[in-house]
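In what follows, a structure is listed as structure tokens, so that the remarks can point back to it.
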Amino acid sequence: MHEVGRLLLLAMTGVIHASCPCLSDLTTFGIVAGEPFPATIGGERYVYPSGYGTGCETHDDGLEPYCGDSVEPHPNWCTKPWCYVDISNCDKRTSQGVYNSDLHYSYATCGSTNTFDCWREGTCDRPLTDLITQVNSYLLSNVNELEKAESMLTATGGSDCVDSTTYLTSCDCSCCSQQQGWDNQRITFDYTTTTPFGDRPDQPPPKLDTCLSSAVATSFSHVALLEVDDTTRVGYQYYGSSLGTYQQWPGTIKPERTQWCPETYDPRFRDWYAGGIAGPKALDLVLVLDTSGSMTGGRMDMASDYQPRLAEKPQHMHLSMAIDAGVKVIDTLTSVDYATVIAFSTDARPLGGRSTLLKATKYNKERMQIFIRGLRASGGTNFIGAFEAVWAALGSPGSGCNAVVLFMSDGEPTTAPSLDQIEAQAAARGAHVLTYGLGLGSRADLAPRGGGRVLRDIACAANGIYYPVAEDDNLGDVMASYYLLLAPLTEPGQMRLTFYEDVFTEKELRTELLAACLAAFRKDGDDIRGAVPSPIGVVCMDVQMLVETSVLEQQEEYPILRDYISRQSTACHNQTASDSALQTLRDDYSAASASYSTSSVVSAPVARQLLATHPLAA
């Protein structure tokens, strides 16, 4: 059929809209007719066929990196027709082109609709499992591309990375505007915004994240344009990288601001990130904080804001650090976890006066953080009393799943239990004890010094890891990364489903969203790390990207879905990390963390190799 006749037929049948015609020529946008279409995704160049994006076609079907033969599953948008359009002559949903920012494209003008429109119209009987499968497919395709692109970029040192400077920073969201249904938040539906982490978040993210940003934005754009047919429906796609960069669709900022450019927001220490890395399993966590007199004016001050305080009030530096580290740990807990806080000096002082685990609800997490912020230093260093409270807490009702103890001290106990007792109690509860020696050396040390030996030996006896933390280290970051211990216990590709309340709209709309998260891990080319995966980041998508909550709740199977999510989030195949995995994690941090049964001379080179900065982290 001639092109004119085909377009006429499509217009008559409503598949293509005369009010939003496809572009037939892209010359004015720098794309020469008859020549291949250039695309850059994840720092890698691709060449697409001539005519790509002109006319209603399934242009992406069969094309790498998302829709080719080398990857499975393919996201739903791979087989949906779309085309580039003139936004000044289009009344349909469009989005900025992901390969050429001057172009805009539309699925709607080619008749492509939301995957679950039939639910709203009552014209189909698709099971809810289809919805979860679809979300998992979208996440998996994004994770596959991140893992592939990161491997390529690391192997080449980033030499193949095309300069990606077209990402939109949330530090300058001039295109954001107030949108109906979003509690008057300022939104952009055309872009995925990027928020670098660090003291200067207005600066570009690390090179690796800059290169990978297009991989995230490409997937987010296609999913959003195809599935979000109602822009008043609240739902997000977001990604946190292992280097601290955060990306989100839609770009969102508070109504009173023109930018969202925080210096302290770090996605790596949010519950959705920690839960994504750890996988769909619950956690019993006991946080133990030394408040003895020896912590005063020294080790008990270690907090993330210590650097500006150092010049102002050195005597208060360490107390702030310990308190803020504990607060940051609590932030990583998910709603299915159980936890408690135990302070100790001469005696143990558990939260609420009782050594019991509490479900990590919003209210209980706030209680724990208030308790931590009120701590003061005095008294002795009674390890025996502290561990008695720990074992009592782990013996109380909780998730019954993975047990982790975070034990922070200056390592100079006045009384301490025997290592045999520690080993027996930890084994009986399947617990990992991670210890943190404040001011007791640094990661560069070949062996622990002084009190650090006590903490190292306790960690090694209890399937744990010892972390020497120097006074210029960020204790909060070190402690809040405990969830990396759980990664070896999770099968790759395990999506985590969680209900949560949207922080942007909660004041007025109280929007409950269902998030699905999946972690991406490095594909190491050697066996240095053994069975311990190294995260690239976590990708999440709200189910409300595809269907609003009200429609979801009308489905007969909805109660079954909620029950499934509850069972999935609390299910547990209780495991402990293998000796090799633990030793890898110890070597990752410091030679001084190595097991007392392992030679420091052997461990040191491995530790130095793994401690080297990622070649693309600058």
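In this text, all values refer to a predicted model and were calculated from it rather than measured experimentally.
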(request) Quick one: do Trp77 and Tyr66 satisfy ring pair (Phe, Tyr, Trp, His ring centres under 6.0 Å)? Show the steps, please. (result) CA-CA 10 Å; Trp77 50 263; Tyr66 293 102; 5.5 Å; yes
(request) Give the C-alpha distance, both sets of side-chain angles, the deciding distance and a yes or no for side chain to side chain donor-acceptor pair (under 3.5 Å) between Asn144 and Glu72. (result) CA-CA 9 Å; Asn144 287 339; Glu72 289 289 347; over 6 Å; no
(request) In sequence, state the C-alpha distance, the side-chain angles, and the governing distance for Cys83 and Cys56, and then conclude on disulfide bond (SG atoms under 2.5 Å apart). (result) CA-CA 5 Å; Cys83 67; Cys56 281; 4.3 Å; no
(message) As a quick check of understanding, evaluate ring pair (Phe, Tyr, Trp, His ring centres under 6.0 Å) for His222 and Tyr138, giving each step before the final call.
(response) CA-CA 10 Å; His222 281 294; Tyr138 283 142; over 10 Å; no
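Heavy-atom minimum distance, Ala217 versus Gln247: N-NE2, 4.5 Å. Counting all heavy atoms, side chain and backbone alike, Thr54 lies closest to Gly51 at OG1-O, 2.6 Å. Between Val228 and Thr231, the shortest heavy-atom distance links the atoms CG1-CA, 4.3 Å.
Counting heavy atoms from C-beta on, the side chains of Thr129 and Tyr564 never come closer than 4.5 Å.
SG distance check for Cys90 and Cys20: under 2.5 Å.
Of the residues listed (Asp271, Asp266, Asp477), the one engaging Lys328 in a salt bridge (Lys or Arg N to Asp or Glu O under 4.0 Å) is Asp477, and it is the only one.
Side-chain contact of Tyr558 with Arg562: a donor-acceptor pair under 3.5 Å is present, judged by distance alone. With 3.5 Å as the limit, one finds no donor-acceptor pair spanning the side chains of Thr188 and Asp190. Neither side chain, Tyr48 nor Asp60, offers a donor N or O lying under 3.5 Å from an acceptor on the other. There is a side-chain donor-acceptor pair under 3.5 Å between Thr334 and Arg496. No side-chain donor from either of Asp61 and Thr79 sits under 3.5 Å from a side-chain acceptor of the other.
Classification of the Tyr105-Tyr107 ring pair by plane angle, with boundaries at 30° and 60°, yields perpendicular.
At most 12 non-hydrogen atoms from other residues, nucleotides or ligands lie less than 6.0 angstrom from CD of Glu556.
Rounding to the nearest 0.5 Å gives a distance of 4.5 Å between CG of Asp209 and CG of Leu243.
Residues Tyr239 and Trp272 keep their aromatic ring centres 6.0 Å or farther apart.
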